[in-house]
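Naming convention: chains lettered A, B, ... in sequence-line order (proteins, then strands); numbering from 1 in each chain.
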Amino acid sequence: MSVNDSTPPERGDFIREIVTADLKSGKHSGVVTRFPPEPNGYLHIGHAKSIALNFGIANEFGGRCHLRFDDTNPIKEEQEYVDSIQADIRWLGFDWGEYLYFASDYFDQLYEWALDLIRAGKAYVDDLSADEIREHRGTFTEPGRDSPWRDRPAEESLDLFERMRSGEFPDGTRVLRARIDMASPNINLRDPVLYRIAHVAHPRTGDAWCIYPMYDFAHGQSDAIEGVTHSICTLEFEDHRPLYDWLIENLPVPSRPRQIEFARLNFTYTVLSKRFLLRLVEEGHVRGWDDPRMPTIAGLRRRGFPAEGIRDLVDMVGVGKANSVVEVEMLEHAVRGVLNRTALRRFAVLRPLKLVIENFPEGQTEEMDAVNNPEDASAGTRKVPFTRELWIERDDFMEDPPKKFFRLAPGREVRLRYAYFVTCTEVVKDANGEIVELRCTYDSATRGGDSPDGRKPKATLHWISADHAIPAEARLYDHLFGRPDPGADGDLFDDLSPDSEEVLSGCLVEPTLAEVPLGETVQFERLGYFCPDLDSAPGALVFNRTLTLRDTWARVQAQSQKSG
RNA sequence: UGCGGGGUCGUCUAAUGGUAGGACGCCUGACUCUGGAUCAGGUGAUCGGGGUUCGAGUCCCUGCCCCGCAGCCA
């Protein structure tokens, strides 16, 4: 495991307490966990919690964590997902080493065990249709009824099951069911289906099988085969635990794993549902599984979120059994924490406004020293060219500023970061009254950004030399949904935010920004964190906004708008 | 309605019968060549009702609310 080689915690969440107790009591001499994704979609931030938990626990206790694909339903599963899942886990910083498995690796063994169950009178082939089985299952308040085929001789079931396997029957005509208790208050124990017929090629086993085990018949046995000690899953499987245990007890499995359930991770302004995410992709609401607005690991990566921030978030929210919705701000806080420490600072102007320094010599270029990362001296400095004509941010000027606006305004002096103090002397407008240019003067005594007389402007602005600016596109991202609880009173699609992506062309960035490698996130000073997008190319730069900086001014504005 | 879970600041979480703590958010202030970062302070919670106990978020009884389960999905 590559992340955090640490010692077992004194006291952790309830799962780590169980593991600690099992080790102390001698029930287990080592820890084996597993992360068991179904390859029917991309991994999302919710999976990150399970991944960090399983790999984290194995790591802390000196055990191992298997990656096992739960590929028992070829109708929904694809190789593309097998590949993306592995890439995403690695990117998150975890490593399963040699322990890569597939539930389909165990199809032969599972089939043998099914035969054992039939011989022991604990399973039978049922000829009922899916509808009939549903009818016989009963309801929450009424017990189920036995299938007429429940008591057929084991030899007959054996024969039928073998013929199911050999492809003799069409899909849906027969199933193998466990014989447990049709009157059980736990519906999962009312003779659950163990095998179904599906004449579908499997991504790994091809045409070898036309019957496939259900989740319940595959999962626990796979755990047992691999020697998994603690099988950690989410709350909705709590009802399945009695069945999990029943199968372990009634089959000659080589070990006895224990299932432990925890509450999955959810966020405000977010939906983590594979089938919904699939629809977003298929219906073209987003740019793909890795759209920067998607809560998928691939999306967060493309958005510029560092893996470390995601791991930090998981540590922050903890592990429990109470359903919870974490405010997405906590994720953003974790990400900003990492980025603030690591991201290089750069200048970029998203909405340019021309600024001309009338008393600065034409044709002259000065090289200004700019700090790459004030949080990390080892990141060094760089030179940024300064000339008579500059671009500044439109938002940094107001002709008629309100009281709390500290930036540039007519007659006001501000600092151009790492350069000079400038004072606005004139506002140039076009025929429509639109501001097209600012005329300024500069104080040559303030070179580098400090005044010998101790003057302190209230604002410091970023800027780009017009002679050196490089054009770029910026894609500004915001929450995919316009409300914290999408779908709470209606269709999820109605809550999709029209402002989740804003594309800005005509942005101008400093020369060094032409060379940011894919996968690196930098800070555009005073604006936010940005990273080059997949679509970026030399001469056609595209940057994704990862997150804005915390913006006190925006808050002040919002407040005055509300009160005023 | 049967079964299985769960209810602690706005949100997430800790306290394992002994001062209800932390994180995020929010609000103040300090500092600042990013209205960033950082630092300091503040706001703010045990679902209700009974009981046991010197002492209850924790144990007991009772009520209420929330989530999951009736796929040949996982």
Using a heavy-atom cut-off of under 4.0 Å over every strand shown, decide if A:Val556 touches base, sugar-phosphate, or nothing. nothing

Determine the contact category for A:Thr141: base if any of its heavy atoms lies under 4.0 Å from a base atom, sugar-phosphate if only primed atoms, P, OP1 or OP2 are that close, otherwise nothing. base

If only side-chain N and O atoms count, and only distance matters, is there a donor-acceptor pair under 3.5 Å linking A:Gln523 with A:Glu525? no

Indicate whether the side chain of A:Glu329 and that of A:Tyr269 have a donor and an acceptor atom separated by less than 3.5 Å. no

Do you see a donor-acceptor pair shorter than 3.5 Å between the side chains of A:Ser451 and A:Asp453? yes

For B:C24, does OP1 or OP2 lie under 4.0 Å from any side-chain N or O of A:His333? yes

Please report the closest heavy-atom contact between A:Glu38 and A:Ile85, naming both atoms and the distance. O-CD1, 4.1 Å

Phosphate OP1/OP2 of B:A37: any A:Gln523 side-chain N/O under 4.0 Å: no

Report the distance from atom NZ of A:Lys456 to atom P of B:U32, rounded to the nearest whole Å. 7 Å

In whole Å, I'd like the distance from the CZ atom of A:Arg526 to the C1' atom of B:G35. 8 Å

How would you label the contact of A:Arg417 with the nucleic acid (heavy atoms, under 4.0 Å): base, sugar-phosphate, or nothing? base

Determine the contact category for A:Lys458: base if any of its heavy atoms lies under 4.0 Å from a base atom, sugar-phosphate if only primed atoms, P, OP1 or OP2 are that close, otherwise nothing. nothing

Is there a donor in the side chain of A:Arg346 and an acceptor in the side chain of A:Asn372, or the other way round, less than 3.5 Å apart? yes

Distance, P atom - from B:G42 to B:G5, rounded to whole angstrom: 41 Å

Nucleotide B:G4, atom P - distance to NZ of A:Lys321 in whole Å: 12 Å

If you measure from the C1' atom in B:C47 to the same atom in B:C54, how many Å do you get, rounded? 27 Å

Is it the case that the side chain of A:Thr268 and the backbone of A:Val328 share a donor-acceptor pair, with hydrogens and angles ignored and the cut-off at 3.5 Å? yes

Pick the nucleotide of RNA chain B nearest each of A:Ala419 and A:Thr552; which residue has the one closer to the 5' end? A:Ala419

Aromatic centroids of A:Phe107 and A:His202 separated by under 6.0 Å: yes

A:Arg241 vs B:G4: side-chain N/O to OP1/OP2 distance below 4.0 Å: no

Using the C1' atoms only, state how far B:C60 lies from B:G22, rounded to an integer number of Å. 31 Å

Roughly how far apart, to the nearest Å, are B:C31 and B:A20 at atom P? 36 Å

Send over the distance from A:Arg336 CZ to B:C24 C1', rounded to a whole Å. 12 Å

From C-beta outward on A:Gln559, which listed nucleotide comes closest to its side chain: B:C27, B:C26, B:U34? B:C27

Using a 4.0 Å heavy-atom cut-off across all strands, classify A:Arg555 as base, sugar-phosphate, or nothing. sugar-phosphate

Which value, in whole Å, describes the distance between the C1' atoms of nucleotides B:C26 and B:G68? 34 Å

Are a donor atom and an acceptor atom from the side chains of A:His66 and A:Glu226 found within less than 3.5 Å of each other? yes

Between A:Trp553 and A:Phe406, ring centroids under 6.0 Å: no

Could you tell me whether B:G4 is syn or anti, where syn means a glycosidic angle within 90 degrees of zero? anti

Here the distance between atom P of B:G22 and atom CE of A:Met330, to the nearest Å, is 15 Å

Less than 3.5 Å apart, any donor N or O on the side chain of A:Asp71 or A:Ser104 sitting next to an acceptor on the other? yes

Under 4.0 Å, heavy atoms only, any strand: does A:Glu375 hit a base, just the sugar-phosphate, or nothing? base

Check: A:Phe386 ring centroid to A:Tyr420 ring centroid under 6.0 Å: yes

Less than 6.0 angstrom from the centroid, inside 45 degrees of the normal: does A:Arg455 satisfy that with respect to the ring of A:Phe421? no

Take A:Gly318 and A:Leu527, find for each the nucleotide of RNA chain B with the closest heavy atom, and name the residue whose nucleotide sits nearer the 5' end. A:Gly318

If you check the A:Thr460 side chain, which of B:G35, B:C24, B:U13 turns out closest? B:G35

Tell me what A:Phe524 touches on the nucleic acid: a base, only sugar-phosphate, or nothing, going by heavy atoms under 4.0 Å. nothing

Interatomic distance, A:Glu393 CD vs B:U34 P [rounded to whole Å]: 17 Å

Rounded off to whole Å, could you give me the CD-to-P distance for the A:Glu327 and B:C26 pair? 9 Å

What string of B, S and - do you get for nucleotides 67-74 of chain B, 5' to 3', when a contact is any protein heavy atom under 4.0 Å? SBBBSBBB

Separation between the C1' atoms of B:A23 and B:G18, rounded to whole Å: 25 Å

According to the Watson-Crick and G-U wobble definition with distances under 3.5 Å, which dot-bracket string, read 5' to 3', encodes RNA chain B, using [ ] for crossing pairs and | for pairs with another strand? .((((((..((((....[..)))).(((((.......)))))....(((((..]....))))))))))).....

